Amino acid sequence: MLKVKNISRERSAELYAKAKTYFPGGVNSPVRAFKSVYGTPLFIKKGDGAYLWDADDNQFIDFCCSWGPLILGHNHPAIREKVIEVMQNGMSFGAPTALENELAELILSNNKFIEKIRFNSSGTEAVMSAIRLARGYTKRDKILKFEGCYHGHLDALLVKAGSGLVTFGETSSAGVPKAYADETIVVALNDKEALVKAFNDFKNQIAAVIIEPIPANNGLLLQRKEFLQYLREVCTANGTLLIFDEVISGFRVGFTGAAGLYNIKPDIITYGKIIGGGLPVGAYGSSAEIMSNVSPEGPVYQAGTLSGNPVAMAAGIAQLTELNKPGFYNSLDEKTTTFVDEMLDFVKDRNYPVNITQIGSIFWFAFDTKAAIRKAEDIDPHSMDRFKTMHQELLNRGVYMGPSGYEVGFVSAAHTTDILNTAKQAIFDSLDVVFGPSQPSPGGRALNEQTDYRE
Ligand code: PLP
């Protein structure tokens, strides 16, 4: 068993106390506040390869990877050097640069699903623009989304299902007018019957169906290809646009994302995260015909002061150039599969009620189940207590996962087999604490003294 590390969090705690005086909840994005796990947020000082260092100089193997963008690991030299080179010439012009063309060429010449693209600065912006485009193009208002898919914090999609097979969205955030939520229909994933009913109930009213083709924001709710194929057919038959939100899956499960993996052509694809190499970039793409509706070519307005920012474009170019090299995804996926398979063998041997879902380099621990979960409602909220304990135990053993059991883990190219083996052992020991007779680590919930399990 790996020695437990009773990490000091004094500096992080001080920074968090200060941050609470500046920001609501002490953070600039809610999940970072550690509300779903024990302790207070770690303030990060540095990242390199597969590792993070916090403000107290504790070192962690990182499976959060900035929530997905860092598929090459932290501080990759190719990205860093390209960004520094481009920054020598200035950081923003609000005018076109050759770098935008270069990134677009790299994407479009390797992606048969889209012909034109528009860059902006976040996944939320990409989705918001895609929705407006779909509404402008179809001249319809309603949007259909799936319970358990997250598409950013735009009003129209901050809705959750009410009760019933097909529901109007109920706002899941204060400040979203009911009238907006009323334009959003919510159905369960993996439910053809609900989909058919929605299309019957709202004939000729649905502008777009939006889905994370690999739903990865509420656990990893892998859908059958057949369901996605059916979605494609039903959208085509009803004159509704199909939007694949590939902010996570884009460039993660392959250079052409889930569309390429399943070989299904959506009408619009949204990207974020990986496309920016760690800097803020979002994008949406479609056929030349649909994109011709976007301003200034067409009537659908969309703009951005920092859209196509040269430094962000440079990071994207450097990252995607690495991803486009032969064998990149095979090696990343193989490594992840071995890692996950060995963990599955472990939980099976121990008869722990855990399932680990994986696709490409994304993985997720589902507790209190051994079966694959495909719908949000099938996740037992009480199982999140297991994750809470595991998260704490992992931190004590030098492994950082996103601070919520609903979040997935990401493996990067910088996670070597040796690093994955070290992480795996920490995961085994932590699972033994969650399920077995082992006691919680002595640092417990307080975490004071300093030792290093790597010594
Ligand atoms: N769409 C999906 C599938 C996402 O996972 C996210 C963020 O996690 C978004 C949209 C929003 O992206 P951003 O946080 O960059 O606004």
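Fair warning: this is a prediction, and the values are worked out from it, not measured in the lab. First listed ligand is number 1; within each ligand, the first listed atom is number 1.
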Any chance the side chains of [X] and [Y] put a donor and an acceptor closer than 3.5 Å?
| X | Y | result |
| --- | --- | --- |
| S249 | E246 | yes |
| Q392 | T389 | no |
| D368 | H382 | no |
| S307 | R118 | no |

Do NZ/NE/NH1/NH2 and the carboxylate oxygens of D333 and R252 come within less than 4.0 Å?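 Salt bridge between D333 and R252, a charged N being under 4.0 Å from a carboxylate O: no.
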Please give the N or O to N or O pairs under 3.5 Å between ligand 1 and the protein, distances rounded to 0.1 Å.
unit_1: ligand 1; atom_1: 1 (N); unit_2: D245; atom_2: OD1; d: 3.3
unit_1: ligand 1; atom_1: 1 (N); unit_2: D245; atom_2: OD2; d: 2.6
unit_1: ligand 1; atom_1: 5 (O); unit_2: N217; atom_2: ND2; d: 2.8
unit_1: ligand 1; atom_1: 8 (O); unit_2: K273; atom_2: NZ; d: 3.0
unit_1: ligand 1; atom_1: 12 (O); unit_2: T124; atom_2: N; d: 3.4
unit_1: ligand 1; atom_1: 15 (O); unit_2: G123; atom_2: N; d: 2.9
unit_1: ligand 1; atom_1: 16 (O); unit_2: T124; atom_2: N; d: 2.8
unit_1: ligand 1; atom_1: 16 (O); unit_2: T124; atom_2: OG1; d: 2.6

Are F365 and F387 an aromatic pair, judged by ring center distance below 6.0 Å? no
